[in-house]
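Comments concern the structure below.
Keep in mind that what you see is a predicted model, and the values were worked out from it rather than measured.
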Amino acid sequence: MCNCNPTESLALGLKKRLYGTGMTVGTAESCTGGNIAALIASVPGASDYFLGSVVSYAVPVKESLLGVPPETIEQFGVVSEEVARSMAEGIRNRIGCTYSVSTTGLAGPSGDERNPVGTVCIGVSGPRGTVSLKKTFPYDRKGNISHFSTFAVRILLSFIENDLNCCEISSETIMF
């Protein structure tokens with residue numbers, strides 16, 4: 001019987017897929033506050049494939065460091081698939097990683113007029129394109145952050161597998 005932590009298993013899966021390949025990954029996080037980067041970096045050997053992260057909690061940081069256009073935020077809102085895509089592309093461009101994952105959402109305790117508490121938008125970008133998706137989780141703040149982070153790594157792994165197997169890259173083909 002395995003006493004494995006599912007989160008550790010995902011981080012190890014990422015290592016198994018990327019270690020020694022020359023492919024790299026980066027993260028752009030808002031609502032997860034660096035939790036995804038911490039998960040990835042917790043695995044020995046992560047420095048081989050993990051280049052870094054930007055925690056962009058504030059809108060000006062999303063715009064200045066990740067290159068998210070102000071018009072995108074104004075039109076779609078900061079918690080949107082469009083902003084998540086832009087964040088994922090922005091971190092790839094800024095640090096030069098092969099793949100990236102981003103999160104923007106509302107962990108709690110409150111939501112807004114567009115999105116309830118527990119809403120996360122995840123963007124994933126790679127050489128063959130960028131996709132995003134939106135999902136809502138029913139947990140408290142701490143639980144939402146944990147689930148957002150694990151879900152994002154799961155989406156990243158699925159995206160990489162599809163990309164490497166030359167499958168179509170779209171939010172519908174990403175398995176989660």
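Judged by a 6.0 Å distance limit and a 45° cone about the ring axis, K135 is positioned over the six-membered ring of F137.
In this structure, I40 CD1 and L156 CG are separated by 6.5 Å, a value rounded to the nearest 0.5 Å. Separating the CZ atom in R114 from the OG1 atom in T119 is a distance of 12.5 Å, to the nearest 0.5 Å. Atom CZ of residue F148 and atom OG1 of residue T136 lie 8.0 Å apart, to the nearest 0.5 angstrom. Between atom OG1 of residue T150 and atom CG of residue N35 there is a gap of 7.5 Å, rounded to the nearest 0.5 Å. Rounding to the nearest 0.5 Å places CG of L164 at 8.0 Å from OG1 of T21. Note that OG1 of T24 is 8.0 Å distant from CG of L18, once rounded to the nearest 0.5 Å.
With hydrogens and angles ignored, the 3.5 Å screen pairs no side-chain donor or acceptor of K134 with any backbone N or O of V120. Put simply, the side chain of R141 never gets that close to the backbone of P109: no donor and acceptor are under 3.5 Å apart. In terms of modelled atom types and a separation under 3.5 Å, the side chain of S158 and the main chain of R154 share no donor-acceptor contact.
When all heavy atoms are compared, the tightest approach of R92 to G126 is NH1-O, 3.0 Å. G26 and F50 get closest at one heavy-atom pair: CA-CE1, 4.2 Å. When all heavy atoms of N115 and D112 are compared, the pair lying nearest together is N-OD1, 2.7 Å. Shown here for S53 and T27, the closest heavy-atom pair between the two residues is OG-OG1, 2.5 Å. Contact record, T103 with A152: CG2-CB, 4.0 Å, taken as the closest heavy-atom pair. Contact record, A28 with L66: CB-CD1, 3.8 Å, taken as the closest heavy-atom pair.
A side-chain N or O of S132 and one of R85 form a donor-acceptor pair less than 3.5 Å apart.
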Please list every donor-acceptor pair under 3.5 Å in which a side-chain atom of residues 71-80 meets a protein atom from a residue at least two apart or in another chain.
from: S80; atom 1: OG; to: G77; atom 2: O; distance (Å): 2.8
from: S80; atom 1: OG; to: V83; atom 2: N; distance (Å): 3.2

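At least one side-chain heavy atom of M87 sits less than 4.5 Å from a side-chain heavy atom of T104. Here the side chains of V43 and Y19 are not in contact, with every heavy-atom distance at 4.5 Å or above. By the 4.5 Å heavy-atom criterion applied to side chains, L133 and F151 are counted as neighbours. Here the side chains of S56 and L65 are not in contact, with every heavy-atom distance at 4.5 Å or above. Using a 4.5 Å heavy-atom cutoff, the side chains of V131 and I155 are not in contact. Using a 4.5 Å heavy-atom threshold, the side chains of V153 and I36 count as touching. Residues I145 and Y139 form no side-chain contact, since every pair of their non-hydrogen atoms from C-beta on lies 4.5 Å or further apart.
Put simply, V54 and V59 are part of the same group of oily side chains (I, L, V, M, F, W, Y) that touch within less than 4.5 Å, one to the next. Both F159 and Y49 belong to a single network of hydrophobic side chains, linked directly or stepwise wherever heavy atoms of I, L, V, M, F, W or Y lie under 4.5 Å apart. L12 is connected to Y99 through a chain of hydrophobic side-chain contacts under 4.5 Å among Ile, Leu, Val, Met, Phe, Trp and Tyr, so both are in one cluster. Transitive grouping of hydrophobic side chains (ILVMFWY, heavy atoms separated by less than 4.5 Å) keeps V61 and V101 in distinct clusters. Y57 and L39 are assigned to two separate hydrophobic clusters, defined by single-linkage of ILVMFWY side chains at heavy-atom distances under 4.5 Å.
For the side chain to side chain donor-acceptor pair (under 3.5 Å) with T130, the qualifying choice from S102, S86, S100, S125 is S125, the only one to do so.
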Step by step, work out the side chain to side chain contact (heavy atoms under 4.5 Å, CB included) result for V25 and C97.
-> CA-CA 5 Å; V25 68; C97 55; 5.5 Å; no

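Applying the salt bridge (charged side-chain N to carboxylate O under 4.0 Å, His left out) test to every pair with at least one member in residues 16-34, sequence neighbours left out, gives these pairs: R17-E161.
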